[in-house]
Amino acid sequence: MAAQGEERTADGAAGPREYRAAELAEAAGITQRTLRFYRERRLLPPPRRQGRVAWYGEQHLARLRTISALLARGHTLGGIAQLIEAFAEGADAGRTAELLGLAEPSPWAEEERVRLTPQDLAAYFAGETDPELLASALRTGWIAVDGDDVVHLSRDLLDASSALVDEGIPLAALLAAGRELRAHADALADVFTELLRRHVLPELLATGERRDPLGDEDVKRLTQALERLRPLAKQAVYAEVSLALDRRLRAELDRG
């Protein structure tokens with residue numbers, strides 16, 4: 001007999017995970033009443049029906065997690081519905097640009113943004129651009145929406161992730177890894193930021209009284225310092241990651 005919430009194919013093999021309504025609500029961390037409300041608002045695709053039982057899949061769970069993430073960022077259910085509709089249609093038509101926002105890059109930002117049509121984005125990722133994957137990329141922080149276009153926040157990241165998908169890594173798995181990598185990258189950035197705060201910024205801003213916001217001369221000195229220090233920080237991180245990969249690969253080969 002198949003386990004509850006699990007489907008089996010004709011040959012007895014386990015199929016994709018499926019959930020009854022109560023199981024789905026529990027997995028998503030919401031109440032069944034909230035789940036019914038989302039269904040009534042058509043924020044979820046229809047479930048698979050088997051007699052009188054409604055079965056939900058992983059795409060429903062991903063959609064619920066997307067909704068929760070956007071609500072936590074202060075978006076309204078009406079705006080979320082517009083976002084889902086726009087992604088489902090493969091274009092934005094300008095309705096969600098205000099909802100999502102597209103923050104201006106920092107004056108010290110180094111990564112090049114890439115403006116793409118939904119069709120361009122689909123070409124990069126071999127068609128893996130269904131609404132849930134696009135929403136996942138939004139949550140990960142890789143993309144934003146501006147008018148009819150999608151803006152990827154880093155050309156290097158776009159090229160690398162596209163190449164990894166070409167190597168056979170599913171985009172969904174890559175996005176999950178990207179969220180984990182983002183947490184580690186933030187921790188690394190905190191290490192270098194603390195070094196700058198303790199050992200560089202006091203001397204850099206020592207002239208005159210501290211001003212908030214920074215004056216033009218402060219910004220100029222900070223910019224010059226970051227132009228010198230950023231490549232060194234990136235070089236150190238690259239070397240450590242490279243050494244870590246060497247260690248892990250050697251360990252895998254030893255176990256094999």
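- The shortest heavy-atom contact between Y124 and S162 is O-OG, 2.7 Å.
- Counting non-hydrogen atoms of neighbouring residues, nucleotides and ligands closer than 6.0 angstrom, the CD atom of E180 reaches no more than 12 such neighbours.
- Between I67 and I30 there is no side-chain heavy-atom pair separated by less than 4.5 Å.
- In this structure, S242 contributes its side chain and Y238 its backbone to no donor-acceptor pair below 3.5 Å.
- Between T34 and L64, the closest side-chain pair of non-hydrogen atoms is not below 4.5 Å.
- With hydrogens and angles ignored, the 3.5 Å screen pairs no side-chain donor or acceptor of R20 with any backbone N or O of V53.
- Residues L229 and V191 fall into different hydrophobic clusters, defined by Ile, Leu, Val, Met, Phe, Trp and Tyr side chains chained together at heavy-atom separations under 4.5 Å.
- For the atom pair CD of Q32 and CD of E23, the computed distance is 10.0 Å after rounding to the nearest 0.5 Å.
- Atoms CZ and CG, on R248 and L245 in that order, are 8.5 Å from each other to the nearest 0.5 Å.
- Scanning both residues, R49 and A54, for their nearest heavy atoms gives NH1-CB, 3.6 Å.
- Between atom CG of residue L171 and atom OG of residue S161 there is a gap of 7.5 Å, rounded to the nearest 0.5 Å.
- Smallest separation of non-hydrogen atoms from H60 and P46: NE2-O, 3.4 Å.
- Closest of all the heavy-atom pairs between A27 and Y19 is CB-CE2, 4.2 Å.
- Looking only at side-chain heavy atoms (C-beta outward), D190 and E194 stay at 4.5 Å or farther from each other.
- Counting only distance, with no hydrogens or angles, the side chain of H184 and the backbone of L181 share no donor-acceptor pair below 3.5 Å.
- Residue D254 holds its CG atom at 9.5 Å from CD of E252, rounded to the nearest 0.5 Å.
- Across all non-hydrogen atoms, the minimal contact from H152 to I143 is CD2-CG2, 3.9 Å.
- Side chains of D120 and T117: a donor on one and an acceptor on the other come within 3.5 Å.
- In this structure, CZ on R36 lies 9.0 Å from CZ on R39, to the nearest 0.5 angstrom.
- When the side chains of ILVMFWY residues are joined at heavy-atom separations under 4.5 Å, either directly or via intervening members, I169 and F125 end up in a single hydrophobic cluster.
- To the nearest 0.5 Å, atom CG of residue L24 and atom CD of residue E58 are 9.0 Å apart.
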Yes or no on side chain to side chain contact (heavy atoms under 4.5 Å, CB included) for W142 and L174, after CA distance, side-chain angles and deciding distance? CA-CA 11 Å; W142 285 8; L174 192 60; 4.1 Å; yes
